[in-house]
Amino acid sequence: MITFKKQGDDNILMIEQEEVLVDKEKILEGQFLAIVSYLDKQENLLEAELFYHLDENEVNEFLESIKEGVQHKYQLSEDLFV
């Protein structure tokens with residue numbers, strides 16, 4: 001499960017129980033974020049790969065190049081972080 005939250009002045013991306021601090025500059029630029037999560041047979045998170053880019057086509061190409069895992073794509077904005 002992927003959630004976005006605000007903690008003080010920090011913007012946090014949560015993938016299962018793992019927290020990642022998201023650079024404010026990436027949010028201000030409206031960068032796109034691709035997330036590929038790799039799960040075990042019990043659906044537990046093993047690893048997540050993140051890819052940020054200003055160009056949505058670059059993010060789409062990244063996702064297309066990886067044929068496994070659970071894939072998600074977001075455009076970063078302050079509204080994502082609650």
Side-chain angles (χ1 to χ4, degrees):
M1 176 174 206
I2 296 171
T3 55
F4 297 87
K5 70 177 186 175
K6 192 94 169 154
Q7 191 171 331
D9 288 339
D10 293 335
N11 295 302
I12 307 289
L13 163 65
M14 291 196 63
I15 305 169
E16 298 301 327
Q17 301 299 321
E18 301 295 320
E19 290 188 355
V20 177
L21 181 63
V22 179
D23 183 352
K24 290 184 185 302
E25 194 67 30
K26 288 178 172 45
I27 298 166
L28 292 173
E29 292 173 346
Q31 289 196 25
F32 291 88
L33 168 63
I35 303 171
V36 180
S37 300
Y38 299 96
L39 309 173
D40 66 13
K41 292 181 183 194
Q42 288 77 37
E43 299 287 313
N44 296 315
L45 179 69
L46 296 174
E47 179 184 358
E49 190 170 349
L50 307 179
F51 179 76
Y52 298 91
H53 204 284
L54 281 169
D55 184 350
E56 185 176 11
N57 291 326
E58 291 289 330
V59 172
N60 291 340
E61 287 178 18
F62 169 77
L63 289 173
E64 288 174 14
S65 73
I66 297 177
K67 301 295 185 196
E68 56 190 80
V70 179
Q71 300 184 355
H72 300 275
K73 181 177 78 174
Y74 301 93
Q75 184 169 20
L76 297 175
S77 71
E78 286 291 339
D79 295 341
L80 276 178
F81 300 89
V82 188

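Please read all numbers here as calculations on a predicted model, not as lab measurements. Values reported hereafter were calculated over all heavy atoms of this structure, with side chains retained and with hydrogens, waters and symmetry mates removed.
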What distance do [X] atom [atom1] and [Y] atom [atom2] have between them, rounded to the nearest 0.5 Å?
X: N11; Y: K6; atom1: CG; atom2: NZ; value: 4.0 Å
X: Q7; Y: I12; atom1: CD; atom2: CD1; value: 5.0 Å
X: K5; Y: M14; atom1: NZ; atom2: CE; value: 5.0 Å
X: E43; Y: M1; atom1: CD; atom2: CE; value: 14.0 Å
X: N57; Y: D55; atom1: CG; atom2: CG; value: 5.0 Å
X: I66; Y: E64; atom1: CD1; atom2: CD; value: 11.5 Å

The test is side chain to side chain contact (heavy atoms under 4.5 Å, CB included); show your working for L46 and L39 and say whether it passes.
CA-CA 5 Å; L46 296 174; L39 309 173; 5.8 Å; no

Determine whether [X] and [Y] make a side-chain contact, defined as any pair of heavy atoms from C-beta on separated by less than 4.5 Å.
X: F32; Y: N60; answer: no
X: L50; Y: I15; answer: yes
X: F62; Y: E49; answer: yes
X: D9; Y: K24; answer: yes
X: F51; Y: H53; answer: yes
X: I2; Y: Y74; answer: yes

Going hydrophobic residue to hydrophobic residue with side-chain gaps under 4.5 angstrom, can you get from [X] over to [Y]?
X: I35; Y: V59; value: no
X: L33; Y: V22; value: yes
X: L45; Y: V36; value: no

What closest approach, in Å, do D79 and V82 show between heavy atoms, and which atom pair accounts for it?
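Minimum heavy-atom separation between D79 and V82: O-CG2, 4.2 Å.
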
Restricting to non-hydrogen atoms, name the atom on L13 and the atom on F81 that form the minimum distance, rounded to 0.1 Å.
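Scanning both residues completely, I find the closest heavy atoms to be N-CE2, 4.5 Å.
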
Checking side chain to side chain contact (heavy atoms under 4.5 Å, CB included) for the pair D23/Y52: CA distance, chi angles, key distance, verdict?
CA-CA 10 Å; D23 183 352; Y52 298 91; over 6 Å; no

Looking at E18, I want to see if its CD is surrounded by more than 12 non-hydrogen atoms of other residues, nucleotides or ligands under 6.0 Å.
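Incorrect, the count does not exceed 12.
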
